[in-house]
Peer 1: 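First, the structure itself, so that you have it in front of you.
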Amino acid sequence: MLSLASKPKFYILNVLRAFSLLSLLFVFIANLVILAEDVRALRQPVDKDHEDCEYIEGTSVPNQPAGNFRAFLSIALNLVEVVILVLAEIGFPESFFKNWIPCLDKEHSLVGVGVLEFLLAAHFASQFLDTFPLVASFFLLIAGILNISTMYFDRPKFFRSYTFWKGSRSTNDMSTVESGASRTMSPYNGPSAAPSIFTEKEHSSPVQGVYGFARQDEPVLSRPLSPPNYSPPKAPVRIMTKGGGRIY
């Protein structure tokens with residue numbers, strides 16, 4: 001049976017999940033913003049004064065062979081990782097994580113999710129960022145640390161699931177019904193709507209309520225009826241005397 005003392009875990013873990021999802025959404029949008037800015041800057045003609053710079057002006061693309069490919073590949077991998085982490089937080093599809101990424105399924109803790117969020121935020125914040133991407137990376141970093149700290153919780157993904165919430169509600173309803181039934185049937189409480197025939201009245205009169213299960217206003221015999229005394233007839237007795245006579 002589920003313990004109702006664990007219900008605060010449901011709220012705490014779901015608040016953490018909402019914060020984690022919000023941080024992942026911010027990081028997803030920030031990557032799209034960076035991708036759009038890089039594409040727009042690459043379409044501009046290159047200034048000859050900045051040909052020897054390490055990065056293309058106004059972008060995070062390195063000024064090296066295959067720099068565009070590496071920059072776009074990094075952003076694409078960030079987006080894929082964000083999508084996987086969002087699905088892991090939601091828990092869908094369960095078969096995919098169970099077969100291909102077991103560390104993120106419902107049977108494992110949130111440490112795996114926290115580690116991936118921490119690494120993604122550290123990688124994302126390792127370059128120069130504007131205000132919004134920088135705030136998004138810090139949010140994700142905090143969410144990763146909090147998810148890693150849930151290693152001290154027992155089965156955190158279960159305690160934040162709808163299965164636990166439904167089970168705790170049914171347990172609460174059953175406890176309420178049982179407590180109500182005990183109040184009705186207990187002989188130590190006051191009068192109830194369902195009187196019991198097994199409850200004895202301590203201050204009943206000597207004539208009523210001593211024997212049987214009759215009500216107080218019904219006459220009750222002090223003792224059960226017994227058949228009248230009956231003696232069976234005696235058999236004749238044969239007596240032998242000295243004179244040979246017989247007496248019956």
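Starting from 1, each residue takes its place in the sequence as its number. Owing to the predicted nature of the structure, the values given are computational and were not obtained by experimental measurement.
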Peer 1: Crowded around Glu107 CD? As in, over 12 foreign heavy atoms under 6.0 Å?
Peer 2: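 Count not over threshold, so no.
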Peer 1: Are Val135 and Leu32 connected into the same hydrophobic cluster when the rule is that any two of I, L, V, M, F, W, Y join if their side-chain heavy atoms are below 4.5 Å apart?
Peer 2: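 In one cluster with Leu32: Val135, no.
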Peer 1: Assigning hydrophobic clusters by single linkage (Ile, Leu, Val, Met, Phe, Trp, Tyr; side-chain heavy-atom cutoff under 4.5 Å), is Ile84 placed with Leu21?
Peer 2: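 Linked within one cluster.
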Peer 1: Could you measure the distance from the CD1 atom of Ile90 to the CD atom of Glu94? Nearest 0.5 Å is fine.
Peer 2: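 Result: 13.5 Å between the selected atoms.
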Peer 1: Do Glu117 and Ser23 make a side-chain contact, defined as non-hydrogen atoms from C-beta onward lying under 4.5 Å apart?
Peer 2: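 Not touching, per the 4.5 Å side-chain cut-off.
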Peer 1: Applying side chain to side chain contact (heavy atoms under 4.5 Å, CB included) to Phe132 and Ile29, what does each step give before you reach the verdict?
Peer 2: CA-CA 9 Å; Phe132 177 71; Ile29 297 174; 3.9 Å; yes
Peer 1: Can you confirm whether Val86 sits close enough to Phe92 that some side-chain heavy atom of one is under 4.5 Å from a side-chain heavy atom of the other?
Peer 2: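 They are not in contact (no side-chain heavy atoms under 4.5 Å apart), so the answer is no.
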Peer 1: Compare all side-chain heavy atoms of Ser137 with those of Leu140 and state whether any distance is below 4.5 angstrom.
Peer 2: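 No - every pair of side-chain heavy atoms lies 4.5 Å or more apart.
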Peer 1: Over all heavy atoms of both residues, which pair between Pro62 and Arg70 is shortest? Give the atoms and the distance, please.
Peer 2: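 Minimum heavy-atom separation between Pro62 and Arg70: CG-NH2, 3.8 Å.
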Peer 1: Do Glu89 and Lys157 meet the salt-bridge criterion of a basic N to acidic O distance under 4.0 Å?
Peer 2: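 Glu89 and Lys157: not salt-bridged.
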Peer 1: Return the minimal non-hydrogen interatomic distance between Ala88 and Val113, and the atom names on each side.
Peer 2: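 Smallest interatomic distance, heavy atoms only, reads CB-CG2, 4.3 Å.
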Peer 1: Are Val61 and Phe128 co-members of a hydrophobic cluster defined by side-chain heavy atoms under 4.5 Å apart?
Peer 2: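 No: no chain of side-chain contacts under 4.5 Å links Phe128 to Val61.
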Peer 1: Backbone N or O of Arg160 within a donor-acceptor pair of the Arg17 side chain at under 3.5 Å?
Peer 2: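 A pair under 3.5 Å: yes.
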Peer 1: Is there a path from Phe28 to Leu134 through hydrophobic residues (I, L, V, M, F, W, Y) whose side chains come within less than 4.5 Å of each other?
Peer 2: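 Linked within one cluster.
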Peer 1: So, taking the atom named CG in Leu16 and the one named CG in Leu146, what distance separates them when rounded to the nearest 0.5 Å?
Peer 2: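 Reported value, rounded in 0.5 Å steps: 5.5 Å.
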Peer 1: Please find the pair of heavy atoms, one from Tyr152 and one from Ser149, that lie closest to each other, and give the distance.
Peer 2: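 Closest pair (atom of Tyr152, atom of Ser149, distance): CD1-O, 3.4 Å.
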Peer 1: Is there a side chain to side chain contact (heavy atoms under 4.5 Å, CB included) between Thr59 and Val39 once you walk through the steps?
Peer 2: CA-CA 8 Å; Thr59 67; Val39 171; over 6 Å; no
Peer 1: Find the distance between OG (Ser20) and CG (Leu85) and round it off to the nearest 0.5 Å.
Peer 2: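 If we round to the nearest 0.5 Å, Ser20:OG and Leu85:CG are 7.5 Å apart.
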Peer 1: Indicate the atoms forming the closest heavy-atom contact of Ile148 with Val111, along with that distance.
Peer 2: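 Distance-wise, the nearest heavy atoms are O-CG2, 4.0 Å.
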Peer 1: Check for a donor-acceptor pair, side chain of Ser74 on one end and backbone N or O of Ala71 on the other, with a separation under 3.5 Å.
Peer 2: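 Not confirmed, Ser74 side chain does not pair with Ala71 backbone.
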Peer 1: Could you tell me whether the side chain of His123 reaches within less than 4.5 Å of the side chain of Asn78, counting heavy atoms only?
Peer 2: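 Yes, at least one pair of side-chain atoms sits under 4.5 Å.
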Peer 1: Let me confirm one number: the CG-CD distance from Leu119 to Glu81, rounded to the nearest 0.5 Å.
Peer 2: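 Between Leu119 CG and Glu81 CD, I get 7.5 Å after rounding to 0.5 Å.
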Peer 1: Give, for atom CD1 of Ile34 and atom CG of Leu129, the distance between the pair rounded to the nearest 0.5 Å.
Peer 2: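 The CG atom of Leu129 is 5.0 Å from CD1 of Ile34, to the nearest 0.5 Å.
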Peer 1: Which is it for Phe139 and Phe19 under the ring pair (Phe, Tyr, Trp, His ring centres under 6.0 Å) test, yes or no, and what are the steps along the way?
Peer 2: CA-CA 8 Å; Phe139 274 23; Phe19 179 73; 5.8 Å; yes
Peer 1: Working to the nearest 0.5 Å, report the span between SG of Cys103 and CG of Leu110.
Peer 2: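 Going from the SG atom of Cys103 to the CG atom of Leu110 covers 11.5 Å.
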Peer 1: For a side chain to side chain contact (heavy atoms under 4.5 Å, CB included) check, start with the C-alpha distance between Tyr55 and Asn63, then their side-chain angles and the critical distance, and finish with the verdict.
Peer 2: CA-CA 5 Å; Tyr55 288 89; Asn63 191 11; 5.9 Å; no
Peer 1: Is the closest side-chain heavy-atom distance between Glu37 and Asp130 below 4.5 Å?
Peer 2: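 Yes, at least one pair of side-chain atoms sits under 4.5 Å.
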Peer 1: Taking the side chain as every heavy atom from C-beta outward, state whether Phe72 and Asp38 have any atom pair closer than 4.5 Å.
Peer 2: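 Answer yes - side chains close enough.
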Peer 1: Using modelled atom types only, decide if a donor and an acceptor are shared between the side chain of Asp105 and the backbone of Phe97 within a distance under 3.5 Å.
Peer 2: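 No, because the side chain of Asp105 does not come within donor-acceptor range (under 3.5 Å) of the backbone of Phe97.
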Peer 1: Looking at side-chain heavy atoms only, is the closest gap between Ile101 and Phe96 below 4.5 Å?
Peer 2: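 Answer yes - side chains close enough.
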Peer 1: Tell me the closest heavy-atom pair linking Lys106 and Gly91, and the distance in Å.
Peer 2: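 The answer is CE-O, 3.8 Å.
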Peer 1: Begin from the C-alpha positions of Phe124 and Leu141 and carry the test side chain to side chain contact (heavy atoms under 4.5 Å, CB included) through to its verdict.
Peer 2: CA-CA 10 Å; Phe124 191 55; Leu141 186 68; over 6 Å; no
